[in-house]
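Everything on this sheet refers to the single structure shown next.
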Amino acid sequence: SVGSGAELSTAQAVSGSYSLHFKKDCSKPGNSFVAVFGNSGATQNLQAGKSYQVTYQVYVESYLDGKVPVLNTQCFPQNLSAWNAGNKTLAQKNLTTVEKGKWVTVTQSFTPAANGYLGFWMMNTDGPNYSEYASVFVDDAALIEVPTVTVSFHTNGGNTVQPISGASGSAIALPSAEKQGNTFAGWYIDSVCKTPFTSAVFPEQNITLYAKWYEKGVWQQDFEAYQSGSGGGKVYTTGGATRYQKTGPNDTNVHGGEGS
């Protein structure tokens with residue numbers, strides 16, 4: 001359903017005949033609402049606690065100088081394109097960052113705190129009236145549920161580290177680990193700790209990571225990560241052991257160290 005200040009338009013469209021048009025007169029204030037996935041009698045398509053990704057095309061035709069139009073992706077508690085105190089913003093797009101006069105793809109991820117319908121709401125950051133002063137088109141919106149994956153941790157004799165879960169592709173913050181007499185050297189995807197886990201986001205499927213350790217006071221170097229060339233190595237000390245750490249693909253400063 002399309003609410004106040006928005007309309008179906010044939011002026012711009014990525015595919016098919018229609019797109020959603022928020023406001024036409026940029027000199028006047030006003031609110032625009034539209035529930036994209038809110039057909040009459042439709043089941044709520046957002047479920048609390050689940051992770052989603054929405055991708056849509058946006059076309060900024062114009063906006064009033066000095067104004068900052070913002071397109072809000074929201075969870076509507078009712079199947080109604082109108083203001084409701086229960087509307088919750090899931091993600092925002094500052095449209096001053098979008099090049100005018102061309103279709104731009106926007107992808108957003110979110111986890112709603114309540115059940116509801118996905119909708120868009122145009123606003124402006126100029127005050128409590130949320131006036132938009134903009135002419136904006138939206139088309140080809142697609143909503144998908146993103147699977148939640150779990151990362152488990154095998155600490156190889158260290159302390160217990162609880163699993164963490166998140167939406168596939170979302171940012172991941174890995175915990176540290178502790179083991180008496182050892183220094184934690186990172187998480188690896190294989191049990192023999194040869195291949196480090198380097199991703200900054202949750203993987204596509206569940207995974208177990210393994211902790212690698214350096215025994216304190218013992219100099220260790222397996223030279224596996226080094227290549228020939230030139231460059232300076234970085235020296236760091238752990239538990240009385242001095243080691244050389246590679247700082248680039250041409251680092252050859254790996255030939256010494258003193259252990260206790």
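Small disclaimer: the values here were computed from a predicted structure and weren't measured.
- A single hydrophobic cluster is seen to contain both V104 and V60, as judged by linkage of ILVMFWY side chains at heavy-atom distances under 4.5 Å, directly or through other members.
- At least one donor-acceptor pair under 3.5 Å links the side chain of S199 to the backbone N or O of V201.
- The shortest side-chain heavy-atom distance between W187 and V151 does not fall under the 4.5 Å cut-off.
- Among the candidates L174, T208, I207, N159, the single residue satisfying the side-chain contact (heavy atoms from CB on, under 4.5 Å) test with F153 is L174.
- N72 and Q92 form a side-chain donor-acceptor contact under 3.5 Å, judged by distance and modelled atom types alone.
- Looking only at atom types and distance, the side chain of E204 has no donor-acceptor partner in the side chain of S168 under 3.5 Å away.
- Within the 4.5 Å cutoff, the side chain of V54 has no heavy atoms near those of the T107 side chain.
- A heavy-atom distance below 4.5 Å is found between the side chains of L90 and L46.
- Considering only heavy atoms from C-beta on, L209 comes within 4.5 Å of I189 through its side chain.
- Between Y52 and Q47 the shortest side-chain heavy-atom distance falls below 4.5 Å.
- Distance check: C75 SG to L118 CG gives 8.0 Å after rounding to the nearest 0.5 Å.
- Side-chain heavy atoms closer than 4.5 Å link hydrophobic residues (I, L, V, M, F, W, Y) into clusters, and following such links, possibly through other members, connects I164 to V161.
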Inset, instruction - Output, in order, the C-alpha distance, side-chain angles, deciding distance and verdict of side chain to side chain contact (heavy atoms under 4.5 Å, CB included) for L143 and N45. - result: CA-CA 9 Å; L143 177 70; N45 50 24; 4.2 Å; yes
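- To the nearest 0.5 Å, the span separating OH on Y210 from SG on C193 amounts to 9.0 Å.
- Relative to the six-membered ring of F110, K88 misses at least one condition, a distance below 6.0 Å or an angle of at most 45° to the axis.
- One N or O on the side chain of K179 and one on the backbone of N156 form a donor-acceptor pair closer than 3.5 Å.
- Both V98 and F120 are members of a single hydrophobic cluster when ILVMFWY side chains are connected at heavy-atom separations under 4.5 Å.
- The aromatic ring centres of W213 and F184 sit less than 6.0 Å apart.
- Put simply, the side chain of T55 reaches to within 4.5 Å of the side chain of T105, judged on heavy atoms.
- Under the 4.5 Å side-chain heavy-atom criterion for Ile, Leu, Val, Met, Phe, Trp and Tyr, V68 and W121 are members of the same hydrophobic cluster.
- Here CG of L95 is found 5.5 Å from CG of L71. Values are rounded to the nearest 0.5 Å.
- For the residue pair S109 and S170, no side-chain donor N or O sits within less than 3.5 Å of a side-chain acceptor on the partner.
- Atoms CG and CD, from D140 and Q57 in turn, are 6.0 Å apart once rounded to the nearest 0.5 Å.
- Sparse packing is recorded around CD of E178, with 12 or fewer heavy atoms of other residues, nucleotides or ligands lying under 6.0 Å away.
- Between the N115 side chain and the A48 main chain, a donor and an acceptor come within less than 3.5 Å of each other.
- Looking only at side-chain heavy atoms (C-beta outward), Y63 and T96 come within less than 4.5 Å of each other.
- Counting only distance, with no hydrogens or angles, the side chain of Y59 and the backbone of K100 share no donor-acceptor pair below 3.5 Å.
- Side chain of N94 to backbone of V70: no donor-acceptor contact under 3.5 angstrom is found.
- Annotation: side chain of Q53 is not in contact with side chain of Q108 (no heavy-atom distance under 4.5 Å).
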